[in-house]
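Contents: one structure, followed by commentary.
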Amino acid sequence: VSPRPEPAAWKRGALAWLAQHLAIAREFVHIGIVRKAQFRLEFVNQVVMDCFFYATHVLSFEFLFLHVDTIAGWTQSEVRVFLGLVFASDAFMMVWHGQSWMLGEDLKKGNLDSVRVRPAWSVFVYMFQRFSLEGLANMSIALGYFGYACARSDVAPTLDMAWRIALAVLLCWWGRTILVVLFSITEFHFVNADLARLLHNVFSEVTDRPLDVFGARMRQFFVYVLPVGALAHVPASIVLGRIGALEALAVAAFYALLGLGVFRWWKRSFRRYESAMS
Amino acid sequence: VSTFEPTLRGRLARDAELLWTSARYELAKATAFRVGFLVRELLRGLGRPIAVAFLLLAVYDARGGAPIGELSRRAALEYLVLLALVEKVVAHERLLDLHEQIFAGYVTKYLVMPFRFFALPLARFAQYTATQIVVVVLVWIVGRLALPDLWPRPASGVALAQSIVLALLGSYGLFLAYFVIACLAFWLDVVWTLFVMTRFLVLFAAGAVIPAAMMPAPVVEALRWTLPYWTIAGPIEIYAGRADTADFLRGLLVLGASVVVLEILRRVAWKRGLRRYGGSGM
């Protein structure tokens, strides 16, 4: 039997990099659970808070569908699938990206020195450091609603649908990470402008409804230029069969590359950080 | 009367002076970073009305342009313009950092100063309201000049005055509500989730997510007994002439009662919270 060939150097490097970041993620999860042990009531509050978010969104569309059968070509059951993915995407942010809200403050106070000198990917170390256990509870509620919505919209439980659903959920999580990182880049360029939060608030209003309401050109803009469509519109379109399999894979590949480009931009912008910026 | 004890008039004068000084200081602080100040003050509250406008246009398209209740397509767009303007003036939870100071144990320094602590957040509220009124008036004038046919006009001078009174009184009520929630940090340590929950409820009840006219009648009737409705949706309906003086009086009653209850809660929460306060922070 010939000896098994050694993996190429780049492959060994990639595996080591992945193992290192998984180990860091495991530590973040551990710290997040310990932190939650200190604020037990906060756990309940955060779960209830997101339920309020879900309820107001669901009620708004249920009320609007009292007056019409479709909104921009989306039926009531299709909008429910869409909302399920909005909630799953939002819950992913709650689980992993809580620290992103603090970037402006951390920049002003000069709290990022440790992120700069740590021997790991700075985007990952900063953006994923605050794991939230209650976010996981919210994720289960969000995915539960998504499952209910799929069942109500006659999404057949086939193998074809299984990969579509898996791709859609992964895409809505990946899209959330891209946007969080993209918006936070503004904080490096305009210190104390609170622009990341402002952009998040402005564009969450866009992403919380099917992009077809904005017309064809703006929909394309939100899908391909400012990728807010990755959060729910494109994933819902994949699940509902509004776009074909090949197009779905092509869009997913596009978002993968876009994300890597955004992370690189963040890393470059991070060079502007000077310990005490205010 | 002891010469060391200021008279009531003296205390009021001192409070007014403190309020004025603090408000000027707050303005200087808010404008220290000019880009951020301009972006925040101009763009705050614009995203939702614009996105909702597209959604409602799609709803009206699906109905072939038929009105929903009293709300025609044009009236719905005017509603959203007014929503953007009123939302700019209304107080929001980020005006306060009291909960962070309680959490960090920084409240101690205020307890030894010769004035009431509440004067400081009140000054911030006053500065915010004054700044936003200036911004809203400027936006209204520009909008009126740029889009004279589309820009919503008040049904009458009285309607304008009534809607301003309700919006400002409601804004003060929300400010008190946020202060009470911030005081809960004496017991709960972390209260930001309560702020966010409150915001979701306020926006929904205020008709900021979708206009109340598009909700079922029993829901609207229930909302008409709440502070958020008369802070945002009520003033807009009066401004547009879809509600009259009787509605104004009902709104005034709801807001007046809410402010009284919230003021009592504020005093109780602050006083009892201080008894628990250890001053060491987390």
Side-chain angles (χ1 to χ4, degrees), chain A residues 38-39 41-57 59-74 101 104-105 108 134 186-187 189-195 197-215 218 278, chain B residues 32-40 42-64 66-69 71 94 100 184 187-205 208-212 214-216 219-220 282:
Chain A
Q38 286 181 293
F39 304 111
L41 191 61
E42 178 65 6
F43 179 93
V44 178
N45 280 348
Q46 203 162 316
V47 173
V48 174
M49 174 190 82
D50 270 19
C51 289
F52 277 37
F53 170 74
Y54 305 154
T56 54
H57 277 65
L59 278 180
S60 298
F61 277 100
E62 297 291 328
F63 288 164
L64 286 178
F65 277 110
L66 293 175
H67 307 288
V68 285
D69 295 326
T70 60
I71 297 176
W74 291 66
W101 297 107
E105 201 68 20
K108 268 201 303 178
E134 54 274 40
T186 58
E187 296 286 351
H189 297 270
F190 303 99
V191 178
N192 203 36
D194 212 5
L195 275 179
R197 190 185 293 262
L198 186 80
L199 289 171
H200 170 83
N201 290 341
V202 168
F203 288 106
S204 66
E205 300 298 338
V206 172
T207 56
D208 290 358
R209 37 200 60 100
L211 294 180
D212 290 307
V213 303
F214 298 101
M218 283 180 75
S278 67
Chain B
F33 292 85
R34 289 172 188 82
V35 174
F37 176 74
L38 282 176
V39 169
R40 273 199 306 268
L42 288 178
L43 296 185
R44 190 198 301 280
L46 286 186
R48 185 181 319 99
I50 291 173
V52 175
F54 280 101
L55 179 66
L56 295 190
L57 285 176
V59 170
Y60 279 103
D61 283 345
R63 291 172 59 84
I68 299 173
L71 222 52
R94 297 198 74 209
E100 290 165 13
L184 293 180
W187 291 271
L188 305 176
D189 295 321
V190 181
V191 294
W192 71 268
T193 45
L194 298 179
F195 280 125
V196 179
M197 262 187 250
T198 308
R199 187 170 68 224
F200 289 144
L201 280 182
V202 165
L203 291 177
F204 187 76
V209 182
I210 58 168
M214 297 184 178
M215 300 178 187
V219 175
V220 179
M282 284 292 291

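Chain naming here is simple, since letters A, B, ... match the order of the sequence lines and numbering starts at 1 in each.
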Of the listed residues (T70(A), V48(A), I71(A), V213(A)), which shares the most heavy-atom pairs with chain B below a 4.5 Å separation?
-> V213(A)
Under 4.5 Å from any heavy atom of chain A - which part of L56(B) = side chain
Could I get the full list of ring pair (Phe, Tyr, Trp, His ring centres under 6.0 Å) partners for W101(A), not counting sequence neighbours?
-> H200(A)
How about residues 203-212 of chain A versus chain B: which residues have heavy atoms under 4.5 Å apart?
-> E205(A), V206(A), R209(A)
Between L71(B) and Y60(B), which heavy-atom pair has the shortest distance, and what is it?
-> O-OH, 2.6 Å
Heavy-atom pair count under 4.5 Å with chain B, highest-scoring of M218(A), H67(A), Q46(A) | H67(A)
Compute the centroid of each ring, for H57(A) and then for F61(A), and state whether the two points are separated by less than 6.0 Å.
-> no
For F54(B), what residues pass the ring pair (Phe, Tyr, Trp, His ring centres under 6.0 Å) criterion, not counting sequence neighbours?
-> F214(A)
Minimum heavy-atom distance between V220(B) and M215(B), given as atom pair plus value | CG2-O, 3.8 Å
Side chain from CB out, backbone as N, CA, C, O: work out which of these in F204(B) comes under 4.5 Å of a heavy atom of chain A, or both, or neither.
-> side chain
Which atoms of L194(B) come close to chain A, meaning under 4.5 Å heavy atom to heavy atom: side chain ones, backbone ones, both, or neither?
-> side chain
Output every pair passing salt bridge (Lys or Arg N to Asp or Glu O under 4.0 Å) with a member in residues 53-63 of chain B, not counting sequence neighbours, ordered by first then second residue.
-> D61(B)-R73(B)
So do F195(B) and R94(B) actually touch side chain to side chain, heavy atoms under 4.5 Å?
-> no
Please determine, among D50(A), V202(A), D69(A), L64(A), the option with the most heavy-atom pairs under 4.5 Å with chain B.
-> L64(A)
For V52(B) and V209(B) the tightest heavy-atom approach is CG2-O, 3.5 Å
Closest approach of V196(B) to M49(A) (non-hydrogen atoms, all atoms of both residues) = CB-SD, 3.4 Å
Under 4.5 Å to a heavy atom of chain B? For N201(A) that would be neither
